[in-house]
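Structure below; questions to follow.
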Amino acid sequence: MSRLETNLIHTGKEFNTTKSVVTPIYQTSTYLADGDLAAYIHAATEPKHPEFYHRHGNPTNSQVAAILAKLEKTEDALVLATGMAAISTAILAIVKSGDHIVVQNAHYSGSTLFFNDFLADYGITITRVDQCNNQAFLNAIQENTKLLYIETPSNPNLNITDLAFIGQLGKDKGITTMVDNTFASPINQTPKDFGIDIVIHSATKYLGGHSDLTAGAVCGTKEYINKVWRRSLVLGASLSPFDSWLLLRGLKTLALRVDQINKNALALAQYLNSHKAIKKVIYVGLPNHAQYELAKSQMKGFTGMLCIEVAGNNEEEEFKNAQTILGNLRIFVNAASLGGVESLVVHPASMWGSHHSKEQKETSGITRGMLRISVGIEHIDDIIADWEQAISKL
Ligand SMILES: *Cc1c(COP(=O)(O)O)cnc(C)c1O
């Protein structure tokens, strides 16, 4: 069996039926029936058939899905237009009116919006729990609980959920488990190894890796992915041929990129951790992270994501200092998103002010002096020099 780096380049090649070494962009909405009626009926009805009509499938989408299923050690996978398309379609393939989902206090903001503003309107109830407290998940389970939905490390506070505990809890109670694995990437974390049923990705982030596309993925059993596919036919968020091709290209270097990003982020975290202008560094790869041992037990690398709290004499000054640093960084660009080759930084409290209530901001750990950093693959000396000069402006 070939290794991960090889799979990233060669898995799913059979979906390219041309002589082109590189899978072409199938920029078409529809495919020829070609006179064979039986074959055409098969193409129209078989889940994810790559050559019938784009909403059903596309050869590049099939190839990307094959790679992702391999990476996440699941039977099958489906790619969609965005991470949110993956999350919403995957969840709507499991729950119906009257069902209940256990989720975390801290999630990607779009997921929180989906739970609060969307699912409630369709009679699906939610209980939010502290992801660091295993017992809280157990206590939140009701008779109608159909899904345990987790995210680890979570956005933006980088808390860790105990994958093995959740995987076992789901099995004991007969409840499906689903994890958003975007922050870790499959290079750093394989939830299937810990008994989690379904893995979700915003492929916009590490998987694509170049901040030039949006995409999402759902990985699970063949039977479940067929269900998600049927939902996707009517919800309609198909991944475009060009974005799929960019994703396929990005995936080839995933292992190299994530490896370098892991190294850069650890070095930056160590530098900032020792700087007196920084009150706190939250990085799962630092031994001072409250869940470092748990992180080490379930992650192979610690990602490019870190959060810092800038020091100040009071909250207002911390806010002001964070803004000064943000305004003076040159290599780190102030932009939403993460996981690309270029380093990004955001101020979560201002970015998510509209999505979260004050209480939610507190439980998700967002403070006014906090900056969230996505480290890229620039040279580490330049990365540290950029922070040094920005902090010197305080
Ligand atoms: C970005 C992100 C999403 C949403 O993905 P889109 O591609 O923007 O729809 C979901 N989960 C996490 C953890 C993310 O970072």
Side-chain angles (χ1 to χ4, degrees), residues 61 64 68 72 77-92 101 103-119 131 149-161 163 178-189 191 196 198-219 228 232 235-240 242-244 246-247 250-251 258 261 265 282 284 299 302-307 335-340 342-346 348 351-352 355-356 364-366 372-376:
N61 292 19
V64 171
L68 295 179
E72 290 295 3
L78 182 73
V79 289
L80 290 164
T82 62
M84 280 315 300
I87 290 168
S88 54
T89 312
I91 291 177
L92 291 173
I101 310 177
V103 305
Q104 304 176 169
N105 285 332
H107 276 296
Y108 175 70
S109 59
S111 310
T112 297
L113 268 182
F114 180 61
F115 300 140
N116 293 353
D117 288 8
F118 185 99
L119 289 181
Q131 75 197 91
Y149 183 88
I150 61 170
E151 181 180 323
T152 181
S154 60
N155 185 41
N157 57 359
L158 304 168
N159 281 343
I160 305 291
T161 313
L163 289 172
M178 188 184 289
V179 60
D180 183 336
N181 202 29
T182 302
F183 264 40
S185 88
I187 305 298
N188 288 329
Q189 181 168 277
I196 302 292
I198 300 157
V199 183
I200 303 284
H201 279 283
S202 167
T204 310
K205 316 295 169 52
Y206 286 108
L207 300 181
H210 296 74
S211 307
D212 55 7
L213 63 91
T214 65
V218 188
C219 308
V228 180
S232 80
L235 294 172
S238 327
L239 178 60
S240 83
F242 185 52
D243 280 357
S244 181
L246 284 174
L247 177 54
L251 277 171
V258 170
I261 283 171
I282 307 169
V284 290
M299 299 179 77
F302 299 115
T303 90
M305 299 308 298
L306 58 139
C307 274
S337 199
L338 60 108
E342 61 287 287
S343 294
L344 301 178
V345 59
V346 289
M351 199 163 75
W352 295 316
H355 293 335
H356 291 277
S364 64
I366 300 172
R372 189 195 75 180
I373 302 164
S374 168
V375 182

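All values reported here derive from a predicted model rather than from experimental measurement. Both backbone and side-chain heavy atoms feed into the values below; hydrogens, waters and symmetry mates do not. One-based numbering, in listed order, for ligands and for the atoms of each.
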Of all the non-hydrogen atoms in the protein, which one sits nearest to atom 13 (C) of ligand 1, and at what distance? Asp180 OD2, 3.4 Å

Under 3.5 Å, is there a donor-acceptor pair linking the side chains of Asn61 and Ser244? yes

Suppose we measure from atom 5 (O) of ligand 1 to each protein heavy atom; which comes out shortest, and what is that distance? Ser202 OG, 2.9 Å

Does any N or O in the side chain of Tyr206 come within less than 3.5 Å of the main-chain N or O of Gly304, such that one atom is a donor and the other an acceptor? yes

Quick check: does any side chain N or O of Glu151 sit under 3.5 Å from a backbone N or O of Ser111, one acting as donor and the other as acceptor? no

I'd like to know if the side chain of His210 and the backbone of Gly208 have a donor-acceptor N/O pair within less than 3.5 Å. yes

Go through ligand 1 atom by atom and flag the ones less than 4.0 Å from a non-hydrogen atom of Gly83. 5 (O), 6 (P), 7 (O), 9 (O)

Scan side-chain atoms only and decide if Ser154 and Gln131 contain a donor-acceptor pair under the 3.5 Å cut-off. yes

Can you tell which part of Thr214 has a heavy atom less than 4.0 Å from ligand 1: side chain, backbone, both or neither? neither

Identify, for atom 7 (O) of ligand 1, the protein heavy atom at the shortest distance, and state residue, atom and that distance. Thr204 OG1, 2.6 Å

Using a 4.0 Å cut-off to any heavy atom of Lys205, which atoms of ligand 1 qualify? 1 (C), 2 (C), 3 (C), 5 (O), 14 (C), 15 (O)

Please work out whether any backbone atom (N, CA, C, O) or any side-chain heavy atom from C-beta onward of Leu338 is under 4.0 Å from ligand 1, and answer side chain, backbone, both or neither. side chain

Without swapping roles, check the side chain of Ser374 against the backbone of Gly339 for a donor-acceptor pair under 3.5 Å. yes

Got a donor-acceptor contact below 3.5 angstrom from the Ser202 side chain to the Thr182 backbone? no

Give the residue and atom name of whichever protein heavy atom lies nearest to atom 8 (O) of ligand 1, and the separation in Å to one decimal. Tyr108 OH, 3.8 Å

Ser111, any N or O under 3.5 Å of ligand 1 N or O: no

Identify the protein heavy atom lying closest to atom 9 (O) of ligand 1, giving its residue, its atom name and the separation to 0.1 Å. Met84 N, 2.8 Å

I'd like to know if the side chain of Ser343 reaches the main chain of Gly376, judged simply by a donor and an acceptor atom lying under 3.5 Å from each other, with no hydrogens or angles considered. yes

Ile87 heavy atoms, cut-off 4.0 Å: which ligand 1 atoms fall inside? 10 (C)

Which bit of Asn155 is near ligand 1, meaning a heavy atom under 4.0 Å away: side chain, backbone, both or neither? neither

